[in-house]
Number of protein chains: 2
Amino acid sequence: MDRHRTEKDDEASGQGRPTLKTLAFMTGLGVTTVSRALKDAPEIGAETRRRVQLVARQIGYRPNRAGVRLRTGKTNVISLVLNTEHEIMSFVSDIIYGVSEVIADTPYHLIVTPYSRSQDPLDPIRYLVETGSADGVIISRTQPNDPRARYMLERGIPFATHGRTDMGLIHPYHDFDNYAFATEAVRHLAGIGRRRLALLAPPVELTYHRHALNGFTDALSEVGASEIPFNTVSIDHSIEQIRMRTAQLMRRDVRPDGFVSSAAAATLAIVAGIEDAGLKLGRDVDVVSKQSSDLLHLFRRELLVVNEDFRLAGAELARSVLGWIGGAGPGSLQSLSVPTDVLAYRRPD
Amino acid sequence: MDRHRTEKDDEASGQGRPTLKTLAFMTGLGVTTVSRALKDAPEIGAETRRRVQLVARQIGYRPNRAGVRLRTGKTNVISLVLNTEHEIMSFVSDIIYGVSEVIADTPYHLIVTPYSRSQDPLDPIRYLVETGSADGVIISRTQPNDPRARYMLERGIPFATHGRTDMGLIHPYHDFDNYAFATEAVRHLAGIGRRRLALLAPPVELTYHRHALNGFTDALSEVGASEIPFNTVSIDHSIEQIRMRTAQLMRRDVRPDGFVSSAAAATLAIVAGIEDAGLKLGRDVDVVSKQSSDLLHLFRRELLVVNEDFRLAGAELARSVLGWIGGAGPGSLQSLSVPTDVLAYRRPD
DNA sequence: GTGACAATCTGTAACGTTTCAATGTATAGG
DNA sequence: CCTATACATTGAAACGTTACAGATTGTCAC
């Protein structure tokens, strides 16, 4: 009764997911032929090919990922590597959605590989590469001299970075033009009469700190305004810290009459700090801020905003990785997203 | 020269990732023994076991996922199924981080499976189940009669829902107690003298719409306040729509003097609408809002907030799915998160 | 009619793992 | 001394796929 079922070639094969064997049985062909027919190999007769593909579609055949992966080493996986503590909130979901959009009609799956502040950022990358868990990787918080990018270049695994590196090595990236953002912001502030400007920059270790800073200082000298140093905090600091430092700064004799802020959440803190010091936004001081969703104008109408589209970034990053996997040259997979103009509040219609 | 390499048993095996074969060769044992030794099977000698495990650790052996998956059907994957359009922003990242935290020291990977508004929400679930792509699934936007939960229960695939169902079927879930939130919110508003309250509820199709609504109305009659209907919009509507409707409502003769808002982003819109109508928060009207990160008080100090911890939700959901996969009873894997008190603004120290 | 050649199709092996059914080796009981 | 019994270890097969080397046709030139 409990003899183990031995029907060697399970001709019935009505049970479970269809496999190549199922298709082979149904079409009366060999497994190899079916496999090749499905991928349009040239040595398969045109009619056979059509027949196989028809049957496959009818019964809803889907290649078994484990089978493919074991045989070929191809995982059909893109890994998005994220820092669990730093990444700004809406950022993450938008990037994910952007990536999803692009890989939706490919066989790729998106896996999220997190790492915490305490860890070496290289750890998750090493894991992915050593275990061969992904065909391509997307990283953020890119540094000028980024060990992760270097490591993956050495190992020859396709990846794309959110933000640029500066190591003289070529790899795909997508970046927001933070230099342009900062210059435009400064010009705008100068245009409305602001003369003493402060920059809330990204943390120094990230590449775009320099971009923002260079844009800021270049534009300062262009318009003849002066900088009020504000580099004891970055957008990575807590809301409370930024708020406190801003308030301190605003209580000084020589205080800024304009801010450039590299992140929306930080802007909330800046404004709070300004108001803590008893000053008023739009009268005593103006703030230009990046934002990734259209919320800052609800917060304070006086804010000046520039939009950064993270969903687009996600999509571009995914396209880049897929492109590299597909054999395109890494140098041709780099893109820079141009900031919108500085936008003042507009009453909704 | 280009003869294909035939060294059948690659005794050298110094190349590439170590496999069971590598370990077998190094220890002089059979592949089977090694496999069993690594998983502490009882019929393996104690010393052999130690020896194998030592060597495995030394050379950094990691089981090949594709091999395991092909042989056993176990994917070691948890899938988080997300709606690409509706999910509120910070929501997603926090959930992901919560899940990550829990699966960090398990062999599980997290894959994100998105679906768009246009799609049948059942589509991604069907895909996952049919292709056997995950050992467990997490879904959100749970409905009272949820086809996805029903489907997965039928197929016997472990899952957990963010939010409860109401079909008389038992499955793991994590939920925020929105009934308690709404009652507390109403009580608080009543406590500061508010008498005509409006509720900005979740969309009707989601289970927690009822929870919030019931809590709201129950507490209304308890405190003897009255409801100003505000059900032409839900938190799923756009910022602009909520803002407009709020403004309309606030211009009526009989207008609310208190709001209960089920989402932070929506609250920004409500406040904007209130101010569009020329009224002042804290004087003409008070608003109690849920929030998932501590930003609303920066927005307007007069806001009253209740915190919902999505990271916790993610962690609980992950624990539930893993528990079910591990054989625990689905009924024992349900949890409800109790709201904080209603919090007024407190000046930072 | 024979050989050459192209056009199609097919069996075998392998990827790394686990399960099944043995195999071998001591130990103890008779 | 033989046999039962437990213990430790093992090879073979299978999961679904693809690469490789053949195998089977039919066609055509001579």
Side-chain angles (χ1 to χ4, degrees), chain A residues 2-10 13 15-25 27-52 56 59 61-76 107 130-133, chain B residues 2-10 13 15-25 27-52 56 59 61-76 107 130-133:
Chain A
D2 59 343
R3 285 217 46 193
H4 108 260
R5 304 189 94 228
T6 324
E7 39 178 289
K8 171 79 177 194
D9 296 62
D10 58 328
S13 56
Q15 305 292 50
R17 272 177 75 184
T19 71
L20 287 182
K21 201 148 94 187
T22 320
L23 283 180
F25 174 71
T27 56
L29 296 165
V31 172
T32 304
T33 313
V34 173
S35 171
R36 316 229 55 189
L38 286 177
K39 45 175 56 74
D40 287 319
E43 65 267 42
I44 301 296
E47 197 210 309
T48 308
R49 187 156 50 212
R50 272 200 312 277
R51 199 157 59 90
V52 171
I59 66 174
Y61 167 77
R62 314 264 204 151
N64 179 306
R65 310 190 118 235
V68 177
R69 179 163 169 179
L70 182 57
R71 176 65 234 244
T72 64
K74 183 139 210 292
T75 62
N76 284 312
E130 283 172 10
T131 62
S133 294
Chain B
D2 58 343
R3 286 219 43 192
H4 108 261
R5 304 187 95 228
T6 322
E7 40 178 288
K8 171 81 177 194
D9 295 62
D10 56 328
S13 56
Q15 305 292 51
R17 272 176 75 182
T19 71
L20 287 183
K21 200 148 95 186
T22 320
L23 283 180
F25 175 71
T27 56
L29 294 165
V31 171
T32 305
T33 313
V34 173
S35 171
R36 317 227 55 188
L38 286 176
K39 44 176 56 74
D40 286 318
E43 65 267 42
I44 301 295
E47 197 209 308
T48 308
R49 186 157 49 212
R50 272 200 312 278
R51 200 157 59 88
V52 171
I59 66 174
Y61 167 78
R62 312 262 205 155
N64 178 306
R65 310 190 118 236
V68 177
R69 179 162 170 180
L70 183 56
R71 176 65 234 239
T72 65
K74 183 140 209 295
T75 62
N76 284 312
E130 282 172 10
T131 62
S133 294

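Letters go in sequence order (proteins before strands), and every chain restarts at 1. In what follows, every heavy atom counts, from backbone to side chain, and hydrogens, waters and symmetry copies are set aside.
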How long is the line joining [atom1] of [X] and [atom2] of [N], in whole Å?
X: B:K74; N: D:dG16; atom1: NZ; atom2: P; result: 18 Å
X: B:L20; N: D:dT10; atom1: CG; atom2: C1'; result: 14 Å
X: A:R17; N: D:dT17; atom1: CZ; atom2: C1'; result: 12 Å
X: A:L29; N: D:dT17; atom1: CG; atom2: P; result: 15 Å
X: A:R50; N: C:dT8; atom1: CZ; atom2: P; result: 12 Å
X: A:K21; N: C:dT12; atom1: NZ; atom2: C1'; result: 14 Å
X: B:R51; N: D:dA8; atom1: CZ; atom2: P; result: 14 Å

>> Regarding A:T19, tell me which of base, sugar-phosphate or nothing describes its non-hydrogen contacts under 4.0 Å with the strands shown.
In response: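 Result for A:T19 = sugar-phosphate.
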
>> Please check this pair: side chain of A:R36 against backbone of A:E43, looking for a donor-acceptor N/O pair closer than 3.5 Å.
In response: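 A pair under 3.5 Å: no.
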
Mind listing the closest non-hydrogen atom pair of [X] and [Y] along with its distance?
X: A:G30; Y: A:A24; answer: C-CB, 4.0 Å
X: B:V68; Y: B:P63; answer: CG2-CB, 4.3 Å
X: A:I44; Y: A:R49; answer: O-NH1, 3.7 Å

> Going through the checks in order, is the side-chain contact (heavy atoms from CB on, under 4.5 Å) test met by B:T75 and A:R65?
Replying inline: CA-CA 10 Å; B:T75 62; A:R65 310 190 118 235; over 6 Å; no

> How far does OG1 of A:T19 sit from CG of A:N64, to the nearest 0.5 angstrom?
Replying inline: 9.0 Å

> Got a second to check how far B:I59's CD1 is from B:L23's CG, nearest 0.5 Å?
Replying inline: 4.5 Å

>> Can you work out whether B:T32 or A:P63 has the more 5'-proximal nearest nucleotide on DNA chain D?
In response: B:T32

> Nearest to the side chain of B:N64 - C:dT10, C:dT17, C:dC15?
Replying inline: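 The answer is C:dT17, which lies nearest to the side chain.
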
> Looking at residues 65-73 of chain B, who's got a heavy atom less than 4.0 Å off DNA chain D?
Replying inline: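 By residue number: B:L70, B:R71.
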
>> Any residue in residues 33-44 of chain A with a heavy atom nearer than 4.0 angstrom to DNA chain D? Just list them by number, or reply none.
In response: A:S35, A:K39

> When the C1' atoms of the five terminal pairs at each end define the local axes, what inter-axis angle does the helix from C:dG1-D:dC30 to C:dG30-D:dC1 show, to 10 degrees?
Replying inline: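 What I find for the helix from C:dG1-D:dC30 to C:dG30-D:dC1 is an axis angle of 70°.
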
>> For a side-chain contact (heavy atoms from CB on, under 4.5 Å) check, start with the C-alpha distance between B:N76 and B:R69, then their side-chain angles and the critical distance, and finish with the verdict.
In response: CA-CA 8 Å; B:N76 284 312; B:R69 179 162 170 180; over 6 Å; no

>> By the definition side chain to side chain contact (heavy atoms under 4.5 Å, CB included), identify the one residue from A:T22, A:L20, A:V52 that meets it with A:Y61.
In response: A:L20

>> Just N and O in the side chain of A:T48: are any of them under 4.0 Å from OP1 or OP2 of C:dC9?
In response: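 Indeed, a polar side-chain atom of A:T48 lies that close.
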
